[in-house]
Amino acid sequence: MKRNIVIAVVTAAALVGGGTATALAVAGDDDDSTSVTRTEDDRDDRGEDRSDDRDDRSDDRDGDDDDGAVRAAAPGDVTAAEAITAALKHTPGTAVSAELDDGSWEVDVLAEGDTWHTVRIAPDSGKVLGAQKDDEDDAAEVRAALKGASVTAEDAAKAASAKGTVVSVDLDDDGGDKGWEAETRASGGDARDWNVDLKTASVTPDRDDD
């Protein structure tokens with residue numbers, strides 16, 4: 001049986017909706033042939049579809065991030081001060097921060113022996129959801145910042161609550177302006193940052209938030 005020579009025939013300039021079609025016919029043994037047709041419009045459409053898919057995925061991620069931020073900031077019945085109290089009852093020590101995050105309060109406690117613990121508190125009941133030991137090495141800096149301080153994290157949370165619902169309180173031990181940093185949310189959802197003095201508990205707007 002003779003083996004046929006491969007014949008490539010380029011045919012026709014067919015205009016389909018403004019696109020140019022190129023037909024390629026390849027003949028092999030026994031006159032079997034395979035026809036492949038590609039159009040520039042098809043390639044353009046596939047490129048546009050992939051671009052649209054990427055845009056859709058980007059929009060979905062942005063939407064998820066926004067929803068997560070709203071859930072993290074939505075306060076429950078338990079205040080920041082109450083969450084700190086519950087955490088210290090479970091793990092005695094010095095509360096250094098408290099934040100409403102991922103559906104629970106997370107309170108960082110510096111316990112005896114300079115060991116760190118994160119205690120999770122349910123925002124609706126005040127129950128301890130769990131606790132874990134953390135590997136932190138800044139205990140000396142924290143104790144130095146709090147030396148002589150009379151205002152605790154719980155006190156700072158109570159003082160800042162006059163400005164809105166407190167969703168986080170954290171010790172700022174950097175630089176010369178040491179103090180408590182608190183974030184509040186107004187009823188409309190607007191966030192504000194505040195500084196709470198370590199000795200007087202006076203609340204002033206954070207300069208970076210002006």
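- Evaluation of the salt bridge (Lys or Arg N to Asp or Glu O under 4.0 Å) rule for Glu154 yields Lys158 as partners, not counting sequence neighbours.
- Of all the heavy atoms in Ala80 and Val166, the pair that sits closest is CB-CG1, 3.8 Å.
- Put simply, the side chain of Trp105 never gets that close to the backbone of Gly126: no donor and acceptor are under 3.5 Å apart.
- Checked by atom type and distance alone, the side chain of Ser104 never pairs as donor or acceptor with a backbone atom of Ala122 at under 3.5 Å.
- Proximity of a side-chain donor or acceptor of Thr85 to a complementary backbone N or O of Ala81 within less than 3.5 Å is detected.
- The two residues Pro123 and Gly103 make their nearest non-hydrogen contact at CD-O, 3.3 Å.
- Residues Ile121 and Leu129 are not in side-chain contact: their nearest non-hydrogen atoms beyond the backbone lie 4.5 Å or more apart.
- Between Val107 and Thr118 there is no side-chain heavy-atom pair separated by less than 4.5 Å.
- Judged purely by distance below 3.5 Å, without hydrogens or angles, the side chains of Ser202 and Asp197 never pair a donor atom with an acceptor atom.
- Interatomic distance, Trp180 CH2 to Asp155 CG, rounded to the nearest 0.5 Å: 9.0 Å.
- Within the 4.5 Å cutoff, side-chain heavy atoms of Leu198 are placed close to those of Lys178.
- Side-chain contact between Val169 and Ile84 is present, with at least one heavy-atom pair separated by less than 4.5 Å.
- Just one of Asp134, Leu171, Asp170 meets the side chain to side chain contact (heavy atoms under 4.5 Å, CB included) condition when paired with Asp108; it is Asp134.
- Once rounded to the nearest 0.5 Å, the distance linking OG1 of Thr165 with CD of Glu183 reads 11.5 Å.
- There is no side-chain donor-acceptor pair under 3.5 Å between Asn195 and Thr204.
- If you take CG on Asp190 and OG1 on Thr184, they are separated by 9.5 Å, rounding to the nearest 0.5 Å.
- Asp206 has its side chain out of reach of Trp194: every pair of non-hydrogen atoms, C-beta onward, lies at least 4.5 Å apart.
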Under 3.5 Å donor-acceptor pairs involving side-chain atoms of residues 137-146, not counting sequence neighbours:
from: Arg143; atom 1: NE; to: Asp114; atom 2: OD1; distance (Å): 2.8
from: Arg143; atom 1: NH2; to: Ala111; atom 2: O; distance (Å): 3.2
from: Arg143; atom 1: NH2; to: Asp114; atom 2: OD1; distance (Å): 3.2

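- For the atom pair Gln132 CD and Glu106 CD, the distance stands at 8.0 Å (nearest 0.5 Å).
- Distance OG/Ser168 to CG/Asp193: 7.0 Å, rounded to 0.5 Å.
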